[in-house]
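Everything quoted here is computed from the prediction, not taken from an experiment. For ligands, and for the atoms within them, numbers begin at 1 and follow the listed sequence.
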Amino acid sequence: MKSSIKFILNGIPKEVDFKTSAHLSPHMTVLQYLRDVLKLTGTKEGCGIGDCGACTVTLAERDLEGKTVINSVNSCLILLGMLDNKHLITVEGVAKNGELHPVQKSLQESRGSQCGFCTPGVVMSAYTHYINKRSFTRESIESSLSGNLCRCTGYESITKALISLKSTSGKKESVELPELNCDELVFTRGESSYIKPCDLNSLLKYREEFPEYEMVSGASDVSVKHKNEQLFDAKIIDISDISDLKRVAYEANNLVIGSNVSIESVKDILCNLYSGVKEYLCAFASLQIRNKASMAGSVAGASAVGDIMPMLLAMGAQMKLSSAGSSRIVNCREFNSSYRKHILKEGEIIESFIIPVPSALRVLFLHKQSRRKDMDISSMTFCIGFELDKGIIKNVLTGYGGMAPIPRPSQMLEKFLEGRAFTEDTFIQAKDVIAKDFRTISDMRGSAGYRIMVAKNLLIKCFNDLKGEEDGSGN
Ligand SMILES: Cc1cc2nc3c(=O)[nH]c(=O)nc-3n(C[C@H](O)[C@H](O)[C@H](O)COP(=O)(O)OP(=O)(O)OC[C@H]3O[C@@H](n4cnc5c(N)ncnc54)[C@H](O)[C@@H]3O)c2cc1C
Ligand code: FES
Ligand code: FES
């Protein structure tokens with residue numbers, strides 16, 4: 001058990017002992033630590049809730065095999081306690097020996113900055129892209145910058161600046177990590193507590209002992225809540241580094257994905273089963289958020305408009321729920337009980353998601369309807385999977401988000417489609433089922449009428465997209 005963390009900041013080893021530093025706490029965001037404590041004010045605070053990317057920093061850490069992975073993350077979301085055993089690079093650490101980094105030079109030369117407020121965040125997203133030696137195509141650069149808003153330069157000159165780096169073609173830089181120390185971090189001051197267990201057994205014991213403590217994984221929901229509620233005395237169990245919750249394995253005929261594998265990794269893993277997942281999950285928040293946010297965090301939030309549950313429903317996924325001394329497998333269909341509620345019992349956690357490996361006949365359609373392509377919560381989501389057996393639709397599974405108080409399947413649609421011919425006429429007729437099955441609400445993301453209309457039209461899009469796949473003209 002320890003009360004301190006060790007990490008590297010811009011190449012310099014650091015140790016923070018929370019017991020002896022009254023002004024520091026593992027609950028504070030990395031952004032607060034950088035700006036308010038260290039006075040490293042190059043990292044900017046725009047929104048403070050993950051929306052703008054001004055606070056982007058680069059974080060290097062070990063994966064399960066001990067290899068170094070380097071990601072861009074939002075420092076306004078991740079917590080200081082999460083830096084243990086990692087290397088944090090901020091905009092102050094990018095230029096070396098008074099020489100601007102190629103990324104900075106190209107932004108300067110291509111006039112990729114005006115007021116400059118977004119620029120440190122843009123530099124850090126581009127720097128992470130560069131040192132990971134990702135390709136310098138427009139598509140790949142836009143994906144790396146999906147979480148960086150700029151209100152004055154215009155994205156074209158920023159994107160062009162980075163495309164021009166093609167000539168230097170990125171350099172894989174090695175980033176050193178501190179020696180791994182897996183002791184658990186336990187810290188209490190006044191009403192606030194922060195516990196960072198190292199393995200699943202220890203986590204489950206803490207969950208049993210302190211069921212009221214909030215678990216934090218990617219912190220993309222929890223940090224926003226804490227900021228909105230001005231919560232300074234949180235009781236937290238940080239599960240972000242528990243390797244048991246990050247394992248991925250094929251077991252029997254299933255793909256088992258640890259509950260807290262990052263969404264960005266899930267995107268790559270699930271592409272092995274269904275190619276359409278890539279586009280769907282690319283529209284989930286931003287790269288910075290996907291690099292840390294987890295499927296469990298999304299599902300446990302029980303939002304009616306979360307993107308993950310509808311996808312899992314259409315894949316026929318199950319979840320392993322565990323508590324000290326017991327575990328159970330439940331179908332994702334049973335997980336949400338009512339608005340913002342789920343069936344997790346006191347002391348229970350989501351341990352993994354169990355996704356059936358699809359047969360060669362199975363097809364999947366996933367669509368998120370939102371007003372912006374990147375960084376937007378959906379107005380509604382439609383996911384559907386079925387087998388296409390000699391032109392007949394079989395074993396239909398659906399998942400809708402934003403159409404009811406909870407993400408849920410349309411059993412009426414599943415029943416209607418089952419056994420019918422895969423023709424446009426079938427999907428046109430299915431439109432009537434939607435209006436019968438859902439009583440949607442109107443809110444800021446769309447009126448009830450809009451949602452129903454989109455849901456009906458998506459049936460036709462689904463037919464056209466999957467028809468392309470069936471006749472080989474799809475992607
Ligand atoms: C700017 C922004 C954009 C976003 N865009 C999207 C979007 O496009 N689509 C979308 O669906 N969501 C979006 N979200 C919401 C959020 O990022 C996701 O729901 C994310 O998946 C949460 O995961 P996390 O690991 O960060 O959760 P955390 O914030 O760490 O935790 C959230 C909740 O989940 C619980 N939890 C975490 N792990 C477990 C577990 N293993 N077992 C039980 N409970 C657990 C925690 O206790 C907590 O109550 C966005 C959020 C932000 C801030
Ligand atoms: S300050 Fe806007 S994303 Fe962090
Ligand atoms: S240069 Fe002003 S916000 Fe981007």
Side-chain angles (χ1 to χ4, degrees), residues 29-31 35 43-57 73-79 82 107 111-122 147-155 157-158 200 203 207 213-227 236-240 242 244-246 258-263 266 280-286 288-311 319-323 342 344 348-353 368 370 372 374-378 381 401 407:
T29 64
V30 168
L31 181 64
R35 290 183 60 84
T43 306
K44 302 294 178 227
E45 174 162 11
C47 63
I49 51 168
D51 268 321
C52 73
C55 67
T56 305
V57 290
V73 296
N74 294 120
S75 63
C76 68
L77 297 178
I78 59 166
L79 307 179
M82 293 176 173
L107 281 166
R111 298 194 169 83
S113 173
Q114 283 188 47
C115 81
F117 197 80
C118 69
T119 310
V122 169
N148 294 89
L149 295 189
C150 175
R151 283 291 170 258
C152 35
T153 298
Y155 297 100
S157 42
I158 295 176
L200 183 58
L203 162 65
R207 280 295 283 165
Y213 280 32
E214 182 147 45
M215 287 188 294
V216 182
S217 178
S220 61
D221 253 5
V222 171
S223 288
V224 173
K225 192 173 91 186
H226 288 184
K227 184 167 168 93
I236 280 177
I237 303 183
D238 175 352
I239 62 171
S240 60
I242 296 188
D244 306 278
L245 302 182
K246 301 212 168 175
S259 55
N260 295 95
V261 174
S262 75
I263 304 267
V266 167
Y280 182 72
L281 288 185
C282 272
F284 186 106
S286 62
Q288 289 97 314
I289 289 186
R290 291 198 302 275
N291 281 334
K292 281 284 154 205
S294 62
M295 291 215 288
S298 172
V299 165
S303 161
V305 289
D307 297 337
I308 297 299
M309 189 50 109
M311 177 186 81
M319 302 156 86
K320 183 175 180 188
L321 309 181
S322 299
S323 52
H342 50 59
L344 274 182
E348 206 170 35
I349 67 150
I350 304 167
E351 184 179 330
S352 58
F353 295 92
K368 169 178 177 170
S370 53
R372 275 192 319 206
D374 296 310
M375 286 297 277
D376 206 358
I377 304 287
S378 69
T381 306

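- Only the backbone of D51 comes within 4.0 Å of ligand 2, counting heavy atoms alone; no side-chain atom from C-beta on gets that close.
- Note: no N/O pair closer than 3.5 Å links G306 and ligand 1 by distance alone.
- For S322 and E351, the side-chain atoms include at least one donor-acceptor pair closer than 3.5 Å.
- Every N/O-N/O distance between V305 and ligand 1 stays at or above 3.5 Å.
- Atoms of ligand 2 found under 4.0 Å from any heavy atom of C76, numbered from 1 in the order shown, are 1 (S), 3 (S), 4 (Fe).
- Distances between N or O atoms of M215 and those of ligand 1 include at least one value under 3.5 Å.
- In this structure, E45 pairs ionically with K227, as a charged nitrogen and a carboxylate oxygen lie closer than 4.0 Å.
- Residue contacts with ligand 1, taken as heavy atom pairs separated by less than 4.0 Å, involve V224 solely via side-chain atoms from C-beta onward.
- Counting only heavy atoms of the protein, atom 1 (S) of ligand 2 lies nearest to G48 N, 3.1 Å.
- For atom 2 (Fe) of ligand 3, the N/O/S atoms of C118 include none lying under 2.8 Å.
- When non-hydrogen atoms are compared, ligand 1 lies under 4.0 Å from the side chain of N260 (C-beta onward) but not from its backbone.
- Heavy atoms of E351 found under 4.0 angstrom from ligand 1: none, in either backbone or side chain.
- At a 4.0 Å heavy-atom cut-off, ligand 1 touches I239 through the side chain alone.
- Listed by number with element, the atoms of ligand 2 under 4.0 Å from a non-hydrogen atom of N74 are 3 (S).
- Using a 4.0 Å cut-off to heavy atoms of R151, the atoms of ligand 3 that qualify are 3 (S), 4 (Fe).
- Checked against a 3.5 angstrom limit, the closest N/O atoms of D51 and ligand 1 fall outside it.
- Looking at ligand 1, you'll find an N or O of S294 within less than 3.5 Å of one of its N or O atoms.
- Take atom 2 (Fe) of ligand 2 as the corner point: the lines to SG of C47 and to SG of C52 open at 110°, to the nearest 10 degrees.
- Inclusion of C152 in the first shell of atom 2 (Fe) of ligand 3 is supported: an N, O or S atom falls under 2.8 Å.
- For the pair A219 and ligand 1, the shortest N or O to N or O distance falls below 3.5 Å.
- Checked by distance only, ligand 1 and L344 stay at 3.5 Å or farther apart across all their nitrogen or oxygen atoms.
- Under a 4.0 Å criterion applied to the non-hydrogen atoms of G46, ligand 2 contributes the atoms 1 (S).
- The distance criterion of under 3.5 Å between nitrogen or oxygen atoms is not met by S223 with respect to ligand 1.
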